[in-house]
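Letters go in sequence order (proteins before strands), and every chain restarts at 1. Only this structure's heavy atoms are used, side chains among them; waters, hydrogens and symmetry mates stay out.
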There are 4 protein chains.
Amino acid sequence: MNIQLMKVVDKKAAVLNAALELIVENGFHGTPMSKVAKQANVAAGTIYHYFESKEEMIDTLYTTLKEEMGNALLRDDDTSLDYKERFYAFWQNLFLYFTQNPKEFVFLEQYANSPLISKSIKEDNVKHYLPVIQFLEEGIKLGILREMDSKLMTSLLYGNIISTAKLQLVEDYQISPELMNQAINSCWDSVKAN
Amino acid sequence: MNIQLMKVVDKKAAVLNAALELIVENGFHGTPMSKVAKQANVAAGTIYHYFESKEEMIDTLYTTLKEEMGNALLRDDDTSLDYKERFYAFWQNLFLYFTQNPKEFVFLEQYANSPLISKSIKEDNVKHYLPVIQFLEEGIKLGILREMDSKLMTSLLYGNIISTAKLQLVEDYQISPELMNQAINSCWDSVKAN
Amino acid sequence: MNIQLMKVVDKKAAVLNAALELIVENGFHGTPMSKVAKQANVAAGTIYHYFESKEEMIDTLYTTLKEEMGNALLRDDDTSLDYKERFYAFWQNLFLYFTQNPKEFVFLEQYANSPLISKSIKEDNVKHYLPVIQFLEEGIKLGILREMDSKLMTSLLYGNIISTAKLQLVEDYQISPELMNQAINSCWDSVKAN
Amino acid sequence: MNIQLMKVVDKKAAVLNAALELIVENGFHGTPMSKVAKQANVAAGTIYHYFESKEEMIDTLYTTLKEEMGNALLRDDDTSLDYKERFYAFWQNLFLYFTQNPKEFVFLEQYANSPLISKSIKEDNVKHYLPVIQFLEEGIKLGILREMDSKLMTSLLYGNIISTAKLQLVEDYQISPELMNQAINSCWDSVKAN
DNA sequence: TATGAATGAGAGTTCATTCAT
DNA sequence: AATGAATGAACTCTCATTCAT
């Protein structure tokens, strides 16, 4: 990577980072492009070399974070482990990603259901989780997990982690290791076969 | 209620209703007051007889819907029933409120975590759910529900219902009675004592 | 004067009084009719029974105060006194009216040169000072006052009193009897014949 | 001065000039920013690159004109002249500035006593007249001018010039050289020692 | 590639005035 | 005569985007 390109990457990343910080604090419409530019140390016009519009910038941010989150989720998956152990590992991967990246979490939650992010972009981002979806479907097939619509199951599991993380990050309610264990066990019980 | 008062109520309600519809579709900042006024069939200035600002209007809408949702949740609670039956009834009450009031659901989810709704307003609205929180704490005490932090449990249960509703309302994935049963059973298993 | 009429007068006067107080403090455009109504304890619409518009209300206020000021100026004129004594008495009359009615003074100064008060209204109000203008013209004819254009002289004398009053009322610079004497003597010297 | 800077200066000056013209004719609140922009040949938003708000624009205009007026007042002061000659020169300097810049005069009078210009700004602008205030205090000390409070004297002298100018500029009463002499002599007599 | 002054449409809000009661 | 809810035009100001440099 030559210096030119590095600078470009740096600048684009700086813009996205500035946008993330400001939007989490003030919301999409409370964050003028001029402020994003200032926080990223670039000129206002420069942002438009990297993004077509404010909306595209947000879309890119969303997609970038979704990918980052997907990578975190799948990190260090060890297929030689027990099914349940792998399940617990996935849970913790995601939970740790959220609690260690609170701004990213808040942003993703803020825009997951907002009309600002187009449906097609949301669907595009499913790809980052496919391995886990397959893992769940396998669990059902193997009789380790109960008979349940796999889309429903995915939603419920994701919702479980989100709820736990939100408790800590939005409601300032510290999740101790003990509480995390309660959450994760509850989660397992909600899908394991009887 | 005399005619005067009816008109006032009608007008305020018309504004809130227009706001709900437009905001769900276009978001808070995608919804100019001029359009709210037009949709509610009032003059732009009229809104400001009922609300100090756009923000206060949104706060009122949020509070109104939270109360409505609280009422739906507690509807027809029959203390003579089994604990589990009452638990299932609560689950269904909330789920039905969401699926039968999709705009209200989307709005509440959109603003639950947004910086637009002040924290104090959110806390004020906890009061509508107190009876259910007590119901859960009782269940734990009686050994029907497992030992779990009650705030965590509340969050997980709420998250479970939200996730199921969202599947249908946001992702257009029809929740059949069969799927609803899967969700509700999963939910019960996630908190019942072993 | 029957009770009905008294009430009317009271209400009109209350409106003018409220307008005076609010406008002096916040200016014409910083004073909405709704606030005038509230301060006067009448409904907004009621003002429009007494005045055609906000502008007419201000015009009436201006004219009313100009007349009041004219009356104060001419109060207790004693034609048996020395010319100089009468001159001093006029000066003091006006000065005392201003310092004892600071709101009225500020209002009159604020609107004396404003485009809000039409020129015709200003000219109409000259009539209240005619006797003093004649008094000055006589003084010139008698050789007590110097040869000077009488309009110029009137302006200079009025300006002298205004400047002294403003020092106290606008710049919070207390005008002691000693200072008042300096001002009045200076004023006399500026027009007396040599 | 390079071209860039010239343009900037031009644009800011154009805005101030447009504001001056319109405000003198229609008052502060009768002058929407949109009209200022149109008259200055800039976009509405452009004004807000140079001024934070309409109020700051007015403050700047006021301060600019006060400085200009101060410079005019002190122009060509020749300390080798007689005290009385210098006094007459100051009077004429100010009078000529007013009559040759009628818009500036009307604006300054309109806002000198208005609640729109903050007291602190008014006090800031005293600095432009300090040399003349010292000149007057010296005159008193030397016995050329009478014993009089110097603040009172300053006010009276300023009031004298203002009154004369207003006669011409507001009341359309032409001040001939003869009348100007009457005014200036009257002014001198009002402060000279006996 | 990068800049940032300039744009102007459109936002939230105010308020003089009206009119049904 | 008196009310005050309702009106809607007009206001100040913001900000995503452009473009000459």
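In this structure, of E:dT17, E:dA5, F:dA6, it is E:dA5 that holds the atom nearest to the side chain of D:Y50. The listed nucleotides are F:dA2, E:dA2, E:dG4; the one nearest the side chain of A:K11 is E:dA2. Taking only side-chain atoms of A:H49, from C-beta outward, the nucleotide of F:dT7, E:dA2, F:dT17 with the closest atom is E:dA2.
The CD atom of C:Q110 lies 8.5 Å from the CD1 atom of C:I23; values are rounded to the nearest 0.5 Å.
Summarising the geometry, the separation between NZ on C:K38 and P on E:dC15 is reported as 12 Å, rounded to the nearest angstrom. B:F28 places its CZ atom 13 Å from the P atom of E:dA11, with the value rounded to the nearest Å. Rounded to whole Å, the distance from OH on D:Y48 to P on E:dG10 is 18 Å. Taking atom CG of B:L22 as the reference point, atom P of E:dA11 lies 12 Å away to the nearest angstrom. One interatomic measurement links the two molecules: CG of A:D10 to C1' of E:dA2, which rounds to 15 Å at whole-angstrom precision. Taking atom CZ on D:F51 and atom C1' on F:dT12, their separation rounds to 15 Å, with Å as the unit. The nearest whole Å value for the distance from the CG atom in A:N41 to the C1' atom in E:dA2 is 14 Å. Across the protein-nucleic acid pair, C:I47 atom CD1 and E:dA16 atom P stand 9 Å apart, rounded to whole Å.
In this view, C:K103 and C:E21 satisfy the salt bridge (charged side-chain N to carboxylate O under 4.0 Å, His left out) rule, not counting sequence neighbours. Remark: D:E171 engages C:K151 in a salt bridge (charged side-chain N to carboxylate O under 4.0 Å, His left out) (not counting sequence neighbours). When the ring pair (Phe, Tyr, Trp, His ring centres under 6.0 Å) test is applied to D:F107, the partners found at least two apart in sequence or on another chain are D:Y111.
Each of C:S53 and D:A43 lies near DNA chain E, and the nucleotide nearest D:A43 is the one positioned closer to the 5' end. Each of B:T46 and D:E55 lies near DNA chain F, and the nucleotide nearest B:T46 is the one positioned closer to the 5' end.
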Let me check something: any side-chain donor-acceptor pairs from residues 59-66 of chain D under 3.5 Å, sequence neighbours excluded? List them with distances.
unit_1	atom_1	unit_2	atom_2	d
D:T60	OG1	D:E56	O	2.8
D:T63	OG1	D:D59	O	3.0
D:T64	OG1	D:T60	O	2.6

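Note that C:K54 lies in the cation-pi zone of C:F28, set by a 6.0 Å cut-off to the ring centre and a 45° limit from the axis. Taking the centre and axis of the six-membered ring of C:Y50, the NZ or CZ atom of C:K11 falls outside the cone set by 45° and 6.0 Å.
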Report, one pair per line, the protein and nucleotides 9-11 of chain F atoms (nitrogen or oxygen only) whose separation is under 3.5 Å.
none

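In this structure, A:N17 contributes its side chain and A:A13 its backbone to no donor-acceptor pair below 3.5 Å.
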Read 5' to 3' with Watson-Crick or G-U pairs under 3.5 Å, [ ] for crossing pairs and | for partners on another strand, DNA chain F gives .||||||||||||||||||||
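Between A:K12 and A:H49 there is no side-chain heavy-atom pair separated by less than 4.5 Å.
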